[in-house]
Amino acid sequence: GIDVLAVTDHDSCRGAIETRDEAARLGLPLTVVIASEVTTAQGDLIGLFLKSDPHPADVPALCDAIHAEGGLVLLPHPCKWHRLDEALLSRVDLVEIYNGRTGRADNTRAIELARSRSLPELVGPDAHMLDELGLARVEFDGEKPADEAGLKAALLRTPRRFVMRPGSIWNEWKSQGVKFLRRPSARDAYWLARGALRRILKPGEYVVG
C-alpha cells in the first residue's frame with residue numbers, strides 16, 4: 001500500500017538508488033525518493049531528492065548545497081540528539097513531528113517546534129527493519145504526482161493525514177544488535193547488555209509513540 005518511499009541511509013544515497021532500481025526491475029508501482037540522512041555536528045539532517053551523496057560540512061553549507069541541487073531539507077526527530085540554532089532552522093523545509101523510535105515527550109516537542117515556525121509536518125517510521133515500515137505513514141489528498149516537482153509541491157503544500165502506531169521498545173536495541181554482529185566490539189557488547197537489562201527492569205523509560 002505504499003506509493004512513495006524515501007530511503008535515507010546514513011551519509012549515502014546508495015540504498016535509495018538500489019531500491020529504486022530494484023523496484024523498476026520488479027515492475028512495482030513504487031516511487032523511490034533518492035535521499036540520505038546526513039551526520040552533522042548538530043544532529044542528523046535528511047536531504048530529499050538528492051542528485052549526489054551529500055558531503056558532511058557545517059550545517060548551513062550542507063543545507064545550502066542540498067537546496068542548490070533542487071533538494072529539500074527535512075529535520076528528523078528534532079528534539080532527540082540535536083543542537084538547534086537559527087542558522088539551521090531557517091534552512092529547514094520540513095519537520096518530522098513523529099518518529100517511530102522516539103519517545104512521546106520528544107515527539108510532542110517536535111510538534112510545538114514545527115508549528116511555532118509554521119513548517120510543513122511529516123511523520124516517519126525511522127525503519128531499520130522491514131516490519132517497522134508500518135509505524136508511520138503520511139496520506140496525501142488527490143492522485144500521486146507524476147513527477148519530482150509534483151512530489152515536492154505535495155510535501156510542502158498538500159493537505160495530509162498521519163497514521164502512526166507505537167513501536168517496540170526493542171526496535172532500536174535490535175538494530176544496534178545487527179550492527180554489533182557486523183562489527184563486534186567489547187564496548188558495543190557492554191551497551192547492548194546494559195540496554196537489554198534496562199529495558200527489562202525499566203521498560204517505561206523506552207516508551208515510544
Side-chain angles (χ1 to χ4, degrees), residues 2-20 31-102 106-128 133 135-140 144-145 147-162 164:
I2 296 174
D3 298 308
V4 181
L5 180 68
V7 178
T8 60
D9 283 357
H10 280 275
D11 302 314
S12 173
C13 297
R14 178 181 171 185
I17 293 169
E18 291 178 349
T19 304
R20 179 199 62 191
T31 298
V32 178
V33 175
I34 305 303
S36 178
E37 186 167 5
V38 188
T39 306
T40 82
Q42 292 182 234
D44 294 338
L45 292 175
I46 290 177
L48 300 171
F49 305 101
L50 298 178
K51 303 297 186 291
S52 60
D53 279 346
H55 297 290
D58 66 277
V59 164
L62 173 65
C63 295
D64 291 346
I66 292 171
H67 289 144
E69 62 178 33
L72 299 177
V73 176
L74 165 63
L75 179 59
H77 48 76
C79 300
K80 179 182 181 184
W81 304 326
H82 278 83
R83 180 167 56 83
L84 304 176
D85 59 21
E86 187 59 29
L88 166 57
L89 291 173
S90 65
R91 289 170 167 81
V92 166
D93 301 299
L94 302 134
V95 175
E96 183 183 62
I97 63 166
Y98 175 93
N99 177 284
R101 289 168 170 259
T102 297
D106 285 341
N107 281 332
T108 298
R109 284 193 286 270
I111 294 173
E112 295 169 353
L113 172 67
R115 294 179 183 174
S116 71
R117 300 189 69 91
S118 300
L119 287 167
E121 302 170 3
L122 289 179
V123 299
D126 204 343
H128 290 205
L133 274 180
L135 295 182
R137 71 177 187 270
V138 186
E139 297 181 347
F140 293 93
K144 183 174 79 171
D147 55 22
E148 186 174 289
L151 285 174
K152 292 177 187 176
L155 285 169
L156 295 173
R157 292 186 287 276
T158 299
R160 65 206 64 186
R161 293 172 298 278
F162 303 131
M164 299 93 74

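For the numbers below, each heavy atom of this structure counts, side chains included, while hydrogens, waters and symmetry mates do not. In this text the structure is predicted, and so the values were computed from the model without any measurement.
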- Donor-acceptor contact below 3.5 Å, side chain Asp53 vs main chain Asp11: no
- Item | salt_bridge(Arg101, Glu96) N-O dist < 4.0 Å | no
- Can you list the steps and then say if Leu48 with Leu151 is a side chain to side chain contact (heavy atoms under 4.5 Å, CB included)? CA-CA 11 Å; Leu48 300 171; Leu151 285 174; over 6 Å; no
- Pairs touching residues 61-76 that satisfy side chain to side chain donor-acceptor pair (under 3.5 Å), sequence neighbours left out: Ser52-Glu69, Asp64-Arg91, His67-Asp93
- Query: Does some side-chain heavy atom of Arg20 sit less than 4.5 Å from a side-chain heavy atom of Ile34?
  - Reply: yes
- Report the C-alpha separation of Leu74 and Leu155 in whole Å, then their side-chain angles, then the decisive distance to 0.1 Å, and conclude whether the side chain to side chain contact (heavy atoms under 4.5 Å, CB included) test is met. CA-CA 10 Å; Leu74 165 63; Leu155 285 169; over 6 Å; no
- Message: On a heavy-atom basis, which atom in Asp44 and which in His82 lie closest, and how many Å separate them?
- Response: O-NE2, 2.7 Å
- Does a side-chain heavy-atom distance below 4.5 Å link Leu75 with Leu113? yes
- Check step by step if side chain to side chain contact (heavy atoms under 4.5 Å, CB included) holds for Asn99 and Asn107. CA-CA 7 Å; Asn99 177 284; Asn107 281 332; 4.0 Å; yes
- Is atom CZ of Arg117 surrounded by more than 12 heavy atoms (other residues, nucleotides or ligands) closer than 6.0 Å? yes
- Looking only at heavy atoms, the pair that brings Cys79 and Ala110 closest together is SG-N, 3.7 Å
- Message: If we ignore hydrogens and angles and just use 3.5 Å, is the side chain of Arg109 paired with the main-chain N or O of Lys80 as donor and acceptor?
- Response: no
- Task: Kindly say whether Ile46 contributes a backbone atom to a donor-acceptor pair with the side chain of Glu37 at under 3.5 angstrom?
- Result: no
- Can you check whether Leu45 reaches Leu88 side chain to side chain, under 4.5 Å on heavy atoms? yes
- Message: side chain to side chain contact (heavy atoms under 4.5 Å, CB included) for Asp126 and Thr102? Distances and angles first, verdict last.
- Response: CA-CA 9 Å; Asp126 204 343; Thr102 297; 5.6 Å; no
- Do the side chains of Val138 and Phe162 get nearer than 4.5 Å, heavy atoms only? yes
- Task: Using the test side-chain hydrogen bond (donor to acceptor under 3.5 Å, both in side chains), find all partners of Arg115 that sit at least two apart in sequence or belong to another chain.
- Result: Glu121
